[in-house]
Amino acid sequence: MSVMTIRTGTLLFLVLAAAGPGAAACQGEPPPLAPAATELKAPEPKAPAAAAFAIDRAGSKVELAMDAPREKIRGRIEGAAGGTLQVDPADITRTTGLITVDLATLQLFQTAVGDDGKPGEEKKSDLQNEHARTWLEISKDTPDDIRAKNEKAQFAIRSISTSGEKDLSKLSGAERTVTVTASGDLLLHQRQSPRTVELVATFRYEGDRPAGVTVKTAKPFPVGLAEHDVRPREAFGKLAQKTLEVLSPKVAKEAMVSLELTATATAGAAATAPEIPAAR
């Protein structure tokens, strides 16, 4: 069996934005909204002999961190990511893929900062988690069709670049490590924005073929709330009076997202990304 682990310092893919109200606008003006989109399609493999790695939903984890002056928010999603990577071992820059994360199982934890600047005990607030779902429009009062779209966060890997070795056969050993930059598109709350993630990938070989890969972010990547129209809402279709700007002392302007995904090599050169049923 092979395993792929991806740590990206918001995914979810993605999923970060639910952390709460935040994202103060630059000079009082909100940033422009990212273009609307409902779904990202998996990029076509760039090489006929690309090896397919299917992500194991059960072993996946997504984490986010949002540090504001008055409150630290940490979020996690476990067992909710799937998708496929297409890797050409002879030229890793021809790698493509699609990662999909179900936001329905998002759980938030908060740490208040006292007047002395010291953080208190981390706690989970059911109310805060309800608010997060309302802002992301995945709460129970959201119409089923809209909730299904908003629960899906995706990252489409469209290109890979590296300053190191591109051909894995020119490296030796059972584990072969390369540093790459993945560029593509992030889909969150039906808004699509370009994203670049720095990764360190370690391929595990069995004989002369890659059996698995571990991918870790070299550094976290940020995702802004306002860009993806994640704003304080009192209920579906009803914005709260307090804006992201007003609430920004309690929530950071952006979330730093990390992903930990496992995947196994599949038979054949190409594979279709598995459907991810929404968790209710």
Side-chain angles (χ1 to χ4, degrees), residues 6-31 33-34 60-78 80-81 101 103-139 150 153 186 188-189 191 193 195 197-198 216-235 238-260:
I6 297 183
R7 286 191 181 90
T8 58
T10 190
L11 217 247
L12 265 228
F13 240 144
L14 337 163
V15 60
L16 59 113
C26 178
Q27 296 181 351
E29 291 295 330
L33 285 174
S60 67
K61 290 193 297 185
V62 179
E63 296 185 351
L64 64 95
M66 302 183 71
D67 290 345
R70 302 295 300 176
E71 191 169 287
K72 314 298 180 184
I73 296 175
R74 182 174 62 88
R76 70 184 183 202
I77 302 175
E78 297 183 350
V101 179
L103 305 184
T105 60
L106 172 67
Q107 297 294 323
L108 299 181
F109 303 85
Q110 65 186 103
T111 301
V113 178
D115 294 336
D116 58 0
K118 297 181 179 180
E121 180 183 358
E122 183 179 76
K123 299 179 180 179
K124 178 183 175 182
S125 167
D126 291 339
L127 181 60
Q128 184 186 51
N129 277 272
E130 290 178 11
H131 286 168
R133 283 166 170 72
T134 301
W135 297 337
L136 276 173
E137 296 183 290
I138 59 174
S139 54
N150 288 336
L186 172 70
L188 176 66
H189 195 228
R191 296 285 170 175
S193 61
R195 202 64 46 184
V197 184
E198 295 184 25
K216 302 178 180 179
T217 40
K219 61 181 180 181
F221 70 86
V223 179
L225 303 186
E227 180 183 13
H228 290 269
D229 195 27
V230 178
R231 296 185 287 169
R233 291 176 166 89
E234 295 181 1
K238 184 179 181 181
L239 291 174
Q241 290 185 345
K242 290 186 177 180
T243 64
L244 292 171
E245 174 70 16
V246 172
L247 294 172
S248 61
K250 279 197 163 187
V251 180
K253 298 178 180 180
E254 56 194 16
M256 308 305 292
V257 181
S258 33
L259 305 172
E260 183 173 339

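Because the structure is predicted, anything quoted here is derived from the model rather than measured. By convention here, the first residue in the shown sequence is residue 1.
- Checking K72, Q128, E122 one by one against F109, the side chain to side chain contact (heavy atoms under 4.5 Å, CB included) holds for a single residue, E122.
- Here the CE-CD distance, from M256 to E63, works out to 13.5 Å after rounding to the nearest 0.5 Å.
- Closest of all the heavy-atom pairs between K124 and N129 is CG-ND2, 3.8 Å.
- Of the inter-residue distances, the one linking R231 atom CZ with E137 atom CD reads 9.0 Å to the nearest 0.5 angstrom.
- No donor-acceptor pair closer than 3.5 Å links the side chain of N150 to the backbone N or O of I138.
- Heavy-atom minimum distance, V113 versus P69: CB-O, 3.6 Å.
- Shortest non-hydrogen contact noted between P119 and T111 is CB-CG2, 3.6 Å.
- Shown here is D115, whose CG atom has no more than 12 heavy atoms of other residues, nucleotides or ligands within 6.0 Å.
- Rounding to the nearest 0.5 angstrom, the gap separating the NE2 atom in H228 from the NE2 atom in H189 is 10.5 Å.
- With salt bridges taken as basic N to acidic carboxylate O contacts below 4.0 Å, none links R191 and E227.
- Rounding to the nearest 0.5 angstrom, the gap separating the CD atom in E254 from the CG atom in D67 is 11.0 Å.
- In terms of heavy-atom proximity, L108 sits nearest to G75 at CD2-CA, 3.8 Å.
- Here the side chain of R195 pairs a donor or acceptor atom with the backbone of P222 at under 3.5 angstrom.
- Listed for the S60 side chain is a donor-acceptor partner under 3.5 Å among the backbone atoms of A80.
- Rounded to the nearest 0.5 angstrom, L136 CG and D229 CG are separated by 10.5 Å.
- Considering CG of L106 and CD1 of I77, their distance stands at 5.0 Å, rounded to 0.5 Å.
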